[in-house]
Amino acid sequence: HNHIDHATPDKVRAAIEAEDTHAHIPDYQTLAAYRSEGGYDTLARLRDGGDWEAVQDTVLSSGLRGLGGAGFPSGKKWGFVRANPGPRYLAVNGDEGEPGTFKDRYYLEREPHVFLEGMLIAAWAVEADRCYIYLRDEYPASHSILRKEIKALEEAALVEKGYIDLRRGAGAYICGEESAMIESIEGKRGIPRHRPPYVAQVGIFDRPTLVHNIETLYWVAKVCREGPEILSTVDHNERKGLRSYSVSGRVRNPGVHLLPAGSTITDVIEAAGGMLDGHSFKAYQPGGPSSGLLPASMEDIPLDFDTLQPHGTFIGSAAVVVLSDQDSARDAALNMLRFFEDESCGQCTPCRVGCEKAVKLMSAETWNQPLLEDLCQAMADASICGLGQAAPNPIRSVIRHFPDEL
Ligand code: SF4
């Protein structure tokens, strides 16, 4: 008889930990360092008879909004989830698959316990039975840090063993969509669900589920500890709060730049050290490929939730890519559609077939604009989820702002 060595969870865990040797682990704030400056005191105070509605009010009054891209006022969902009987779960969306976005990684690799405390505060607020962290597998250092620090939390008896369940993504962009992420957490193929019902009512294993992005929870902890003013008093271009812009492209210092929420692309480029030598500013992607491209002439729009809507786009997760005179907007848009074609989950026809058709039409020497516009309309109107609905944005933005390239 062949001996079949069924992998037990412990063996799986050991095998995963053995992989840690490959990851470069940056210096980060450990549990001991965080606690020495008062970390987890807020959580302890709240667990000891705190009022969740008062915490919700604090978070709402800070003006914090969901930083995964949707911009829903943070804290508001807590009431929706609590309105449903338990057991309830909390799911943390750390898939961070939007091209050009790397802010969650930035915070995890520096202050993982700020995020973890924010998560445990939100879990306390909705009386969650378990927290699932869904982290993209392309972040080996973040995985390693979280594995180690979750263990340290268990050993310090700040959480029960197994209360925080760290899951690995498998490279599918669509698993950043919250209902697809939930399918994936359940061990199924990651495809978006139809809504309603919303995940606040029917989420992981059909239980009410609170979903938050990593950076959102980082700010929940900061706001609960330092007060809502740390965000609500930051005022720039009539916008409140702070944004972590992930900046890449033709700038001198790409990276995460924490700036006032009302910053314009001019402010962002300046914070990133200006344009690279020999490049002049031509265009920018304000918030991931789904947001399309804007021309340099539209340089004075505050890059925040709501402010970009009148221009047919949105800030999303604040993934700013700066293009120069050496780049083609048309080529950039084709690149974005190729990405959507690869990442479409294939569940619905307008997106699965639409992305493929769009790539073919955009690869032609001359764009058949009426046909592309029809296709964009069908995709935006009839796709199930945001991927297919927003995939036409790069096409529309090139037709609208860069007609000379067509
Ligand atoms: Fe899947 Fe695209 Fe349909 Fe979304 S729009 S469900 S990604 S096929």
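Order of appearance sets the numbers: ligands from 1, and atoms from 1 within every ligand.
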Problem - Heavy-atom neighbours of E238 CD exceed 12 at 6.0 Å - result: no

Using a 4.0 Å cut-off to any heavy atom of [X], which atoms of ligand 1 qualify?
X    : answer
C345 : 1 (Fe), 6 (S), 7 (S), 8 (S)
G388 : 5 (S)
S383 : 5 (S)
S344 : 2 (Fe), 8 (S)

Exercise for the section: Give a yes/no answer: is there an N/O/S atom of C348 under 2.8 Å from atom 1 (Fe) of ligand 1? Expected result: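 No N, O or S atom of C348 is closer than 2.8 Å to atom 1 (Fe) of ligand 1, so no.
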
Exercise for the section: Would you check if atom 4 (Fe) of ligand 1 lies under 2.8 Å from any N, O or S atom of C385? Expected result: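 It does: C385 brings an N, O or S atom closer than 2.8 Å to atom 4 (Fe) of ligand 1.
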
Indicate whether the side chain of [X] and that of [Y] have a donor and an acceptor atom separated by less than 3.5 Å.
X    : Y    : answer
Y34  : E117 : yes
Y40  : H113 : yes
S179 : E177 : yes

Problem - Protein contact of atom 6 (S) of ligand 1 - nearest heavy atom, named by residue and atom, plus distance - result: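 Answer, as residue, atom name and distance: Q347 NE2, 3.4 Å.
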
Exercise for the section: Considering heavy atoms of the protein only, find what lies nearest to atom 2 (Fe) of ligand 1 and give residue, atom and distance to 0.1 Å. Expected result: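 In this structure, atom 2 (Fe) of ligand 1 has C351 SG, 2.3 Å as its nearest protein heavy atom.
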
Handout entry: Region of I191 that comes within reach of ligand 1 [heavy atoms, distance under 4.0 Å]
Key =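 For I191, no heavy atom sits under 4.0 Å from ligand 1.
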
Practice task
Flag this pair as yes if the NZ/CZ of R105 is under 6.0 angstrom from the six-membered ring centre of F102 and inside a 45 degree cone about the axis; otherwise no.
Solution key: no

Handout entry: Presence of salt bridge, E96 and R136, under 4.0 angstrom
Key =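 No, no charged N to carboxylate O under 4.0 Å.
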
Exercise for the section: Sort out for me which residue in E373, R330, E405 forms a side chain to side chain contact (heavy atoms under 4.5 Å, CB included) with W367. Expected result: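 Between W367 and the candidates, side chain to side chain contact (heavy atoms under 4.5 Å, CB included) is satisfied uniquely by R330.
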
